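Everything numeric in this text was worked out from a predicted model, so none of it was measured. Chain naming here is simple, since letters A, B, ... match the order of the sequence lines and numbering starts at 1 in each.
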2 protein chains.
Amino acid sequence: MIYSDKTTEQELRRGGYKLTTQRRAIIGTIAGTQEHLTPAAIYERVHRKHPSIGLVTVYRTIDILAELGLICETHAGGSCRSYLMRRPSGHHHHLICSDCGRVVDFTDCDLEKLERRLAKETNFKINGHLLEFLGQCRECSRKQKEQSRLC
Amino acid sequence: MIYSDKTTEQELRRGGYKLTTQRRAIIGTIAGTQEHLTPAAIYERVHRKHPSIGLVTVYRTIDILAELGLICETHAGGSCRSYLMRRPSGHHHHLICSDCGRVVDFTDCDLEKLERRLAKETNFKINGHLLEFLGQCRECSRKQKEQSRLC
DNA sequence: ATCTAAATGAAAACGTTTTTCAATTAGCAA
DNA sequence: TTGCTAATTGAAAAACGTTTTCATTTAGAT
């Protein structure tokens with residue numbers, strides 16, 4: 001319950017959706033971690049506490065949360081689809097550890113200049129971008145070092 | 001046969017892979033368009049000319065081409081996986097028209113400064129990034145204008 | 001021309017996502 | 001509170017997309 005559980009629930013209702021036990025559990029799960037979770041991972045965790053909740057409901061809830069812009073979809077890091085609770089800020093991007101999946105947000109991408117130039121050069125009307133950095137967080141690179149020392 | 005068919009074929013062999021009719025056809029298909037094609041789209045096009053080539057072979061060839069770095073994988077634009085023949089340049093990114101799928105390359109992303117800053121602030125060892133711009137190309141926005149005029 | 005490892009196609013297996021449908025439930029009205 | 005209704009749910013099946021398996025074929029070296 002680190003982030004905006006309550007806010008997310010309010011937004012759901014504002015969007016005209018009912019607030020069910022299942023949806024609450026799913027929101028709590030996504031909000032309760034910094035990792036980006038695949039639908040299957042969300043299901044697994046939710047299912048542990050509430051064995052009656054089905055995978056279908058997870059998919060349906062994800063769709064709604066994404067539609068309302070309450071979660072972010074990431075692409076990098078192997079899996080095609082994984083989700084994060086949207087942080088308070090608006091436009092932002094992710095720095096992802098490809099080992100442990102930890103995600104750090106950053107907001108200032110400073111791509112406006114590039115965007116303007118591209119638009120001018122190509123005659124495109126640009127309406128968005130996808131930016132993710134991939135790397136290794138401190139803990140993981142430390143672990144790796146220790147392991148290589150053992151050889 | 002716009003781009004580097006021949007080069008691609010040479011690279012394949014250099015990688016220790018045999019140059020079969022099927023692979024030639026698949027490479028020709030990807031190289032013959034500027035669009036980014038999903039595996040299914042590649043199969044459909046290849047299959048039209050060579051009905052005996054199976055979808056499995058398309059997948060296997062894609063894997064090899066990606067492994068050798070001869071094609072690029074894109075994520076934006078709805079589909080989870082789609083491919084483009086790699087242009088002559090090395091590191092580059094894509095500007096994608098979300099209507100027609102046209103892809104324009106650009107090389108200078110100028111993210112080094114941001115990358116260095118992020119690395120310093122987060123203690124991450126950053127080893128790559130994913131950047132795609134999404135928009136509407138001139139033709140598509142023109143078409144849209146015409147259509148809205150009809151209403 | 002012959003040989004062999006690599007590559008292929010078809011079918012089956014597998015994992016993920018969506019659809020269908022009958023049963024249940026949240027949120028509102030009385 | 002109680003009942004009503006449309007929204008939501010779970011289970012099963014269908015629909016996809018991707019990978020594996022295996023017998024057959026073929027590229028490329030000899």
Nucleotide nearest A:Thr20 when distance is taken to its side chain, options D:dT9, D:dT18, D:dA27: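 That would be D:dT9.
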Distance only, no hydrogens: is a donor on one side chain within 3.5 Å (strictly under) of an acceptor on the other, for B:Glu11 and B:Tyr17?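 Their side chains do not contain a donor-acceptor pair, so the 3.5 Å distance test is not met.
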Euclidean distance, atom CG of residue B:Leu19 to atom C1' of D:dT25 [Å, nearest integer]: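 So the two atoms are 17 Å apart, to the nearest Å.
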Under the ring pair (Phe, Tyr, Trp, His ring centres under 6.0 Å) test, which residues partner B:Tyr43, sequence neighbours left out?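 So B:Tyr43 forms a ring pair (Phe, Tyr, Trp, His ring centres under 6.0 Å) with B:His47.
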Roughly how many Å is it from OH in B:Tyr17 to P in C:dT8, rounded to a whole number?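 The distance from OH of B:Tyr17 to P of C:dT8 comes to 12 Å, rounded to the nearest Å.
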In whole angstrom, give the distance that lies between atom OH of A:Tyr43 and atom C1' of C:dG15.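 Rounded to whole Å, this separation is 14 Å.
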Could you pull out every donor-acceptor pair under 3.5 Å between side chains of residues 51-65 of chain B and any protein atom, sequence neighbours left out?
| from | atom 1 | to | atom 2 | distance (Å) |
| --- | --- | --- | --- | --- |
| B:Thr61 | OG1 | B:Thr57 | O | 2.8 |

So A:Leu55, base contact, sugar-phosphate only, or nothing? Heavy-atom distance under 4.0 Å.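 If one applies the 4.0 Å heavy-atom cut-off, A:Leu55 turns out to touch a base.
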Can you tell me which nucleotide in D:dA12, D:dT9, C:dA26 comes closest to the side chain of A:Arg60?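 My answer, after comparing the listed nucleotides, is D:dT9.
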Strictly below 4.0 Å: does B:Thr38 bring a side-chain N or O up to OP1 or OP2 of D:dG17?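 No, B:Thr38 has no side-chain N/O under 4.0 Å of OP1/OP2 on D:dG17.
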The side chain of B:Lys18 lies closest to which of these nucleotides: D:dA11, D:dG28, D:dT18?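 Output: D:dG28.
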Is there a side-chain contact between A:Gln22 and the phosphate of C:dT25, meaning an N or O under 4.0 Å from OP1 or OP2?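 Negative; the distance criterion is not met.
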Whole-Å distance between D:dG28 P and B:Gln10 CD?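 Rounded to whole Å, this separation is 13 Å.
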Below 4.0 angstrom from OP1 or OP2 of C:dA7, is there any side-chain N or O of B:Thr57?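 Negative; the distance criterion is not met.
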Specify the separation, in whole Å, of atom CD of B:Glu73 and atom C1' of D:dT18.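 Spelled out: CD on B:Glu73 to C1' on D:dT18 is 13 Å.
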Could you pick out which residue, B:Arg13 or B:Asp63, lies toward the 5' side of DNA chain D when each is mapped onto its nearest nucleotide?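 Closest to the 5' end, via its nearest nucleotide, is B:Asp63.
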Value in whole Å for how far the P atom of C:dG15 lies from OH of B:Tyr59: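 My rounded result for the distance is 16 Å.
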Round to the nearest Å and state the distance from A:Arg81 atom CZ to D:dG17 atom P.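 Atom CZ in A:Arg81 sits about 13 Å away from atom P in D:dG17.
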Which comes earlier along DNA chain D counting from the 5' end, the contact point of B:Val56 or that of A:Val56, where each point is its nearest nucleotide?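 Looking at DNA chain D, the more 5' nearest nucleotide goes with A:Val56.
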Whole-Å distance separating the CD1 atom of A:Ile27 from the P atom of D:dT8: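 Rounded to whole Å, this separation is 12 Å.
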So, does B:Arg23 use its side chain to make a donor-acceptor pair with the main chain of B:Lys18 at under 3.5 Å?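 Answer holds: yes.
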From NE2 (A:His36) to NE2 (A:His94), nearest 0.5 Å: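 Going from the NE2 atom of A:His36 to the NE2 atom of A:His94 covers 9.5 Å.
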